[in-house]
S.K.: 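Please find one structure pasted underneath; my questions will follow.
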Amino acid sequence: MKTAYGSRELITCLTHLKYTPEPQVGSRHRKYRSPNHVEKGMMPFILVIQGRSEYDPYWQREYIKQIKRHGFSQTQIEEAMSR
């Protein structure tokens with residue numbers, strides 16, 4: 001898996017994992033809805049901060065944690081991120 005990534009790589013990863021983009025409403029943040037059933041009380045989407053060439057290490061780990069909570073394994077995330 002890439003050791004560092006930005007919004008372009010994250011969006012590509014989410015697209016390969018079959019996340020669906022929702023309409024953007026005047027913000028640099030865009031919602032990507034999970035294709036999997038999400039537990040009650042958990043957000044069924046991931047908010048992507050667009051326009052970042054590279055997220056800081058904290059946000060890189062947080063995005064991976066969120067994707068895992070939506071039912072994807074580390075292997076699936078690594079495969080989608082390496083495309």
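For the numbers below, each heavy atom of this structure counts, side chains included, while hydrogens, waters and symmetry mates do not.
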S.K.: Are Leu47 and Ile11 linked, directly or through intermediate hydrophobic residues, by side-chain heavy-atom contacts shorter than 4.5 Å (ILVMFWY only)?
M.R.: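 Different clusters: Ile11 never reaches Leu47 through Ile, Leu, Val, Met, Phe, Trp or Tyr contacts under 4.5 Å.
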S.K.: Mind checking whether Glu39 and Arg69 have side chains closer than 4.5 Å, heavy atoms only?
M.R.: no
S.K.: Restricting to pairs with a member in residues 18-45, which pass ring pair (Phe, Tyr, Trp, His ring centres under 6.0 Å), not counting sequence neighbours?
M.R.: Tyr19-His70, Tyr19-Phe72
S.K.: Is it true that a side-chain atom of Arg83 and a backbone atom of Cys13 form a donor plus acceptor pair closer than 3.5 Å?
M.R.: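 No, Arg83 side chain to Cys13 backbone: no donor-acceptor pair under 3.5 Å.
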S.K.: Do side-chain atoms of Gln24 reach the backbone of Arg30 as a donor and acceptor pair under 3.5 angstrom?
M.R.: no
S.K.: Would you compute the distance between atom CD1 of Ile46 and atom CD1 of Ile67 and round it to the nearest 0.5 angstrom?
M.R.: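 With rounding to 0.5 Å, CD1 (Ile46) is 4.5 Å from CD1 (Ile67).
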S.K.: For Glu9 and Met81, which heavy atoms make the closest approach, and how far apart are they?
M.R.: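 Where Glu9 meets Met81 most closely, the heavy atoms are O-SD, 3.9 Å.
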S.K.: When rounded to the nearest 0.5 angstrom, what is the spacing between OH in Tyr5 and OG1 in Thr12?
M.R.: 12.5 Å
S.K.: Run the salt bridge (Lys or Arg N to Asp or Glu O under 4.0 Å) test against Lys40 and tell me which residues pass, sequence neighbours left out.
M.R.: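 In terms of salt bridge (Lys or Arg N to Asp or Glu O under 4.0 Å), with neighbours along the sequence ignored, Lys40 is linked to no residue.
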S.K.: My understanding is that only residues two or more places apart in sequence, or in another chain, count here; which of them pass side-chain hydrogen bond (donor to acceptor under 3.5 Å, both in side chains) with Lys68?
M.R.: Gln74
S.K.: At their closest point, which heavy atom of Pro44 faces which heavy atom of Val38, and how far apart are they?
M.R.: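 So the two residues come closest at CA-CG2, 3.9 Å.
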S.K.: With sequence neighbours excluded, tell me which residues meet side-chain hydrogen bond (donor to acceptor under 3.5 Å, both in side chains) with Glu79.
M.R.: none
S.K.: Rounded to the nearest 0.5 Å, how far apart are NZ of Lys31 and CE of Met43?
M.R.: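 Between atom NZ of Lys31 and atom CE of Met43 there are 8.5 Å.
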S.K.: With sequence neighbours excluded, tell me which residues meet side-chain hydrogen bond (donor to acceptor under 3.5 Å, both in side chains) with Gln66.
M.R.: none
S.K.: Between Gln76 and Gly71, what is the shortest heavy-atom contact and its length?
M.R.: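 Heavy atoms only, the tightest pair is OE1-O, 4.1 Å.
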S.K.: Taking atom CG of Leu10 and atom CD of Gln50, what is their separation to the nearest 0.5 Å?
M.R.: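 Going from CG on Leu10 over to CD on Gln50, the span is 10.0 Å.
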S.K.: Who passes side-chain hydrogen bond (donor to acceptor under 3.5 Å, both in side chains) against Glu62, sequence neighbours left out?
M.R.: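 Scan of Glu62 (side-chain hydrogen bond (donor to acceptor under 3.5 Å, both in side chains), adjacent residues dropped) gives Lys65.
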S.K.: Rounded to the nearest 0.5 Å, what separates atom OG in Ser34 from atom CE in Met42?
M.R.: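 Output value for this atom pair is 7.5 Å.
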S.K.: What's the shortest heavy-atom distance between Ile49 and Tyr55, and which atoms?
M.R.: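 So the two residues come closest at O-OH, 2.6 Å.
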S.K.: At what distance, to the nearest 0.5 angstrom, does CG of Leu14 lie from CZ of Arg33?
M.R.: 13.5 Å
